[in-house]
Amino acid sequence: MALRFATRGSDSPWVDAVWTCASEQVSAMTSVACVRWGLVFWEQAGRAHAAVTGPETRTTTAPVPEGATFTGIDFAIGTSLRFVSTPELTDGGIVLPDTARRTFRLDGRRWATPGPDDAEALVARLVRAGVVVPDPLVADVLRGHRTDVSGRTVERRFRAVTGLTRGAVRQIERARAAARLLAAGEAAGEVVAKLDYFDEPHLARALRSYVGRTAGQLRAGAGGAIALDLDQRLTE
């Protein structure tokens, strides 16, 4: 049983990462909390599918189409879709109708289905068409830049664009980073110190809430299929 991932970063300001995955004898997986919305395309038994995925605030168990191949685009925080707000996508998503093998329909138009090497080209077209909308304020906040608006306004805008609070983004990203470090063989105490957790019980609670694995399971590679490329930090 396996989900075989390959993930790469992106130099596009609107894309965080592009990934591919193949499912082998897997019918369910541990879904991991994430802070980004995305587009995912997959083929199974000769049929093509596409969906918009939303941020996830907690770990869950999710079904996996067996024998499928996937290409996914994780969008940068600070982008959103014109036709649906990111808060509406949080802990959910939208299966896109009328998907063909080489094209999909999004926001009333048909687009060429991308492979992993031309994902950024698709995203650039979506941005030019106004389907994907960047928010410069949120991007500036994430880069640590000072803004001319109040903290309350920043938080409201951040949540409207991302579907999450800034605190939730930090917690989820830290738990995902902890999972990768543990899977690479680091001890829990080292991860606590490196990622500034209060202590190992706090790390354990974060992993349980956001990753669905214990530190021991991550270090041992146990627990079954998981929707996280645990080698990503090594292959970026």
Side-chain angles (χ1 to χ4, degrees), residues 7-19 31-40 51-60 72-94 96 106-109 111 119-180 194-198 202-203 205-206 209-211 228 232-233 236:
T7 305
R8 66 169 176 83
S10 174
D11 57 7
S12 166
W14 308 301
V15 177
D16 179 71
V18 178
W19 54 271
S31 183
V32 177
C34 61
V35 301
R36 294 167 178 82
W37 69 277
L39 286 172
V40 60
V52 180
T53 59
E56 297 181 48
T57 61
R58 60 190 181 276
T59 181
T60 59
I73 304 171
D74 292 339
F75 283 77
I77 299 176
T79 62
S80 58
L81 280 168
R82 174 175 61 189
F83 74 96
V84 60
S85 71
T86 309
E88 292 180 72
L89 294 170
T90 302
D91 291 321
I94 302 171
L96 298 177
L106 181 69
D107 199 14
R109 291 180 55 182
W111 310 85
E120 284 86 356
L122 167 67
V123 173
R125 292 193 294 272
L126 294 174
V127 172
R128 287 196 298 270
V131 177
V132 171
V133 183
D135 188 307
L137 175 64
V138 172
D140 284 347
V141 168
L142 288 168
R143 287 193 290 264
H145 296 173
R146 299 187 66 176
T147 66
D148 295 329
V149 299
S150 69
R152 182 176 295 181
T153 298
V154 168
E155 190 62 47
R156 185 168 58 246
R157 181 95 153 256
F158 193 94
R159 187 158 194 163
V161 172
T162 68
L164 302 167
T165 65
R166 283 186 287 173
V169 168
R170 287 191 296 268
Q171 292 172 28
I172 292 169
E173 290 283 74
R174 185 167 63 160
R176 291 170 67 95
R180 292 191 178 101
K194 185 172 289 188
L195 298 181
D196 201 27
Y197 280 99
F198 183 74
H202 280 80
L203 170 63
R205 284 194 291 272
S209 297
Y210 299 126
V211 181
L228 183 64
Q232 183 179 348
R233 73 185 188 96
E236 285 177 336

Just do the side chain to side chain contact (heavy atoms under 4.5 Å, CB included) check on T162 and V35 with the steps written out, would you? CA-CA 8 Å; T162 68; V35 301; over 6 Å; no
May I ask you to test the [X]-[Y] pair for a side-chain heavy-atom distance under 4.5 Å?
{"X": "D135", "Y": "F158", "value": "no"}
{"X": "R157", "Y": "V138", "value": "yes"}
{"X": "V84", "Y": "I94", "value": "yes"}

[X] side, atom [atom1]; [Y] side, atom [atom2] - distance, nearest 0.5 Å:
{"X": "L228", "Y": "R180", "atom1": "CG", "atom2": "CZ", "answer": "4.5 Å"}
{"X": "R174", "Y": "L203", "atom1": "CZ", "atom2": "CG", "answer": "8.5 Å"}
{"X": "R36", "Y": "I73", "atom1": "CZ", "atom2": "CD1", "answer": "14.5 Å"}
{"X": "Q171", "Y": "L164", "atom1": "CD", "atom2": "CG", "answer": "10.5 Å"}
{"X": "L122", "Y": "L106", "atom1": "CG", "atom2": "CG", "answer": "8.5 Å"}
{"X": "T86", "Y": "F75", "atom1": "OG1", "atom2": "CZ", "answer": "10.5 Å"}

I need the minimum non-hydrogen distance between [X] and [Y], along with the two atoms involved.
{"X": "T53", "Y": "L39", "answer": "OG1-N, 4.5 Å"}
{"X": "T153", "Y": "S150", "answer": "OG1-OG, 2.9 Å"}
{"X": "A129", "Y": "W111", "answer": "CB-CH2, 3.8 Å"}
{"X": "V18", "Y": "A119", "answer": "CG2-CB, 3.8 Å"}
{"X": "R159", "Y": "P87", "answer": "O-CG, 3.6 Å"}
{"X": "A76", "Y": "P13", "answer": "CB-O, 3.6 Å"}

Has E155 got a side-chain atom pairing as donor or acceptor with T165's backbone, closer than 3.5 angstrom?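 Pair absent, no side-chain N/O of E155 close to backbone of T165.
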Side-chain donor/acceptor of W37 to backbone N/O of T79, under 3.5 Å: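 Such a contact is found between W37 side chain and T79 backbone.
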Hey, is E120 close enough to R8 for a salt bridge, meaning N to O under 4.0 Å? yes
Applying the side-chain contact (heavy atoms from CB on, under 4.5 Å) test to S80, which of V133, V132, L89 qualifies? V133
R82 atom CZ, neighbour heavy-atom count above 12 within 6.0 Å: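 Atom CZ in R82 is packed in, count exceeds 12.
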Under the criterion side chain to side chain contact (heavy atoms under 4.5 Å, CB included), I'd like the reasoning laid out for V154 against R166: C-alpha separation, chi angles, the key distance, then a yes or no. CA-CA 10 Å; V154 168; R166 283 186 287 173; 3.9 Å; yes
Worked check of side chain to side chain contact (heavy atoms under 4.5 Å, CB included) between V15 and D74: CA-CA 6 Å; V15 177; D74 292 339; over 6 Å; no
